[in-house]
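Below is one structure, written out as structure tokens; comments come after it.
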Amino acid sequence: PYTTLFRSLVRDRETSGTAGMDRTIKTSTAMFLAGSTVYMALLWGFRAHIFHSLYGDKFATYDSWPLLAAGLIPISQCLSNVAGAALGAIEKPERGFHADTWSAIFAIVVGIPLAWWLGVGGALLGIALTYTLMGLLTYWFYRQSAQQAQMPMTSAPAAVPGPPSWTDAQ
């Protein structure tokens with residue numbers, strides 16, 4: 001899906017500019033959110049059956065809010081995946097690295113204490129929050145880069161002299 005999305009965004013950039021990319025970003029994010037929400041609803045709806053079938057009720061204590069936090073992870077990844085592909089399509093992947101770096105710092109500062117205090121559920125919640133922040137930052141960096149790419153040049157580029165021709169030597 002990522003490669004297909006990336007190619008679509010590159011094609012949109014070449015044909016329609018960032019306006020075309022924005023349509024693809026909205027559509028792709030909505031589709032990924034819908035699929036992830038259905039996954040979470042099914043996971044939550046069948047949680048007792050899943051835990052009983054897979055673990056024989058050994059981990060039944062995790063079939064409440066820790067499972068809900070695990071279901072939030074794909075939802076929280078939607079925007080970061082789509083915006084990351086958009087940054088690659090406008091040839092600004094270093095901006096994605098900046099978003100990833102800030103998210104890693106957030107994971108250390110917030111995610112590790114959540115795991116310490118709340119155990120497995122806190123770790124899962126920390127992951128979901130980190131991906132949410134990563135998505136918001138990646139999208140913000142995309143919007144910044146897209147706006148800079150649309151800004152008109154303030155002055156005409158200087159003419160660069162070419163090599164002398166044989167007819168100029170007369």
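- When atom types are taken as modelled, the side chain of Thr29 and the backbone of Lys26 share no donor-acceptor pair closer than 3.5 angstrom.
- No option in Thr4, Ile90, Ile25, Leu87 other than Ile25 meets the side-chain contact (heavy atoms from CB on, under 4.5 Å) test with Leu9.
- Here Cys78 contributes atom SG and Ile73 contributes atom CD1; the two are 12.5 Å apart, rounded to the nearest 0.5 Å.
- Among all heavy-atom pairs drawn from Ser80 and Ser76, the shortest one is OG-O, 4.4 Å.
- For the atom pair CE of Met21 and OG of Ser28, the computed distance is 10.5 Å after rounding to the nearest 0.5 Å.
- Annotation: Arg7, atom CZ; neighbour count of heavy atoms from other residues, nucleotides and ligands within 6.0 Å does not exceed 12.
- The two atoms that bring Thr138 and Ala99 nearest to each other are OG1-CB, 3.3 Å, heavy atoms only.
- Thr18 is linked by a side chain to side chain donor-acceptor pair (under 3.5 Å) to Gln150, counting only residues two or more places apart in sequence or in another chain.
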Evaluation steps, side chain to side chain contact (heavy atoms under 4.5 Å, CB included), between Ser16 and Arg23: CA-CA 10 Å; Ser16 318; Arg23 284 189 300 273; 3.9 Å; yes
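- Counting heavy atoms of neighbouring residues, nucleotides and ligands inside a 6.0 Å radius, atom CH2 of Trp44 exceeds 12 of them.
- Take Gln144 and apply the side chain to side chain donor-acceptor pair (under 3.5 Å) test, not counting sequence neighbours, and it matches Arg95.
- Using modelled atom types, no side-chain atom of Arg11 and backbone atom of Ser8 make a donor-acceptor pair closer than 3.5 Å.
- A donor-acceptor pair under 3.5 Å is absent between the side-chain atoms of Arg47 and the main chain of Leu67, judged by distance alone.
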Please list every donor-acceptor pair under 3.5 Å in which a side-chain atom of residues 106-135 meets a protein atom from a residue at least two apart or in another chain.
from: Thr130; atom 1: OG1; to: Gly126; atom 2: O; distance (Å): 2.7
from: Tyr131; atom 1: OH; to: Gln77; atom 2: NE2; distance (Å): 3.3
from: Thr132; atom 1: OG1; to: Ala128; atom 2: O; distance (Å): 2.8

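- With rounding to the nearest 0.5 angstrom, the OG atom of Ser36 is 9.0 Å from the CG atom of Asn81.
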